[in-house]
Amino acid sequence: MITAAREAVDLLIQAAGSWQFDDVLNGLRDREWMALRFLARANRFSRTPSALAQFVGTTRATASQTVKRLEDRGYLQRRSSDEDKRSVILDVTHRGEKILASDPITQLVHAIAALELGANNFRDFLRQILEQLDARRARHHADNCRKCIFLTEASGGASRKQSSYTCRFFRANVGESEIDLLCFNFERRESGAPST
Ligand code: SF4
């Protein structure tokens, strides 16, 4: 069992290498790709400089430099949060979405989508691994609303047409289009969450 696990890690490391490169690719460094990728997948609560710094594993100052480079290239734009005008939200622009079409990680996404065991199963295995690692390190990973303890179904009425869910952590509606996006305030609930 341990041998197979060790082999799996060897293979995982090599698969991870498929999106790593020296120097720059299409004008962006490794960390800039990582930042742009995260911001394209994060919900509005996590498209912030501090969440980005956590995800990339860097200081706030370094993350700010990365954001500046991406803004200068027209891949990102900043705006004030609708919930709190003092907070900054980083949005990927149309130009940013276009460059993401050449993201080196895309090949890996296609390889996972083609797995015989199914992408959903593979995702669930990885989620289990991350949960084990989180428990050992007393931390939690970014994930989507579907399995989050703070997600509740919004009550009926007219608002239901606009937003089916509410986040109890942020005390805000979460739209259908946001529910599968990454959030740094995610906290796993044991069972009963809506899932795909
Ligand atoms: S329900 Fe959880 S994952 Fe979704 S926005 Fe709220 S804290 Fe984040």
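Both counts, for ligands and for their atoms, begin at 1 and track the order of listing. Just so we're clear, the structure is a prediction, and the values are computed from it rather than from any experiment.
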Q. For ligand 1, which atoms have a heavy atom of F45 less than 4.0 angstrom away?
A.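 Within the 4.0 Å cut-off of F45, ligand 1 contributes 5 (S).
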How far is [atom] from its nearest protein heavy atom, and which residue and atom name does that atom have?
{"atom": "atom 5 (S) of ligand 1", "value": "N43 ND2, 3.5 Å"}
{"atom": "atom 7 (S) of ligand 1", "value": "N185 O, 3.6 Å"}
{"atom": "atom 2 (Fe) of ligand 1", "value": "C148 SG, 2.3 Å"}
{"atom": "atom 6 (Fe) of ligand 1", "value": "C167 SG, 2.3 Å"}
{"atom": "atom 8 (Fe) of ligand 1", "value": "C183 SG, 2.4 Å"}

Q | 2.8 Å cut-off met by an N, O or S atom of C145 to atom 2 (Fe) of ligand 1 | A |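 Within the cut-off used here (under 2.8 Å), C145 places no N, O or S atom near atom 2 (Fe) of ligand 1.
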**Q.** Smallest separation among heavy atoms of E176 and S164, with atom names
**A.** OE1-OG, 3.6 Å
Q) What do the steps show when you test V174 against T166 for side-chain contact (heavy atoms from CB on, under 4.5 Å), and what is the final call? A) CA-CA 5 Å; V174 178; T166 303; over 6 Å; no
Q: State, yes or no, whether a side-chain contact exists between V88 and R79 at a heavy-atom distance under 4.5 Å.
A: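 No, their side chains stay 4.5 Å or more apart.
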Q: Starting from the C-alpha separation in whole Å, work towards a yes-or-no answer on side-chain contact (heavy atoms from CB on, under 4.5 Å) for R60 and S50.
A: CA-CA 6 Å; R60 182 76 191 266; S50 58; 4.1 Å; yes
Q: For ligand 1, indicate whether the residue Y165 contacts it via side chain, backbone, both or neither (heavy-atom separation under 4.0 Å).
A: neither
Q) Do the side chains of F125 and L130 join up, straight or via other hydrophobic residues, at under 4.5 Å, putting them in one cluster? A) no
Q. Does the gap between the ring centers of H141 and F186 come in under 6.0 Å?
A.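 For H141 and F186, the ring centres are under 6.0 Å apart.
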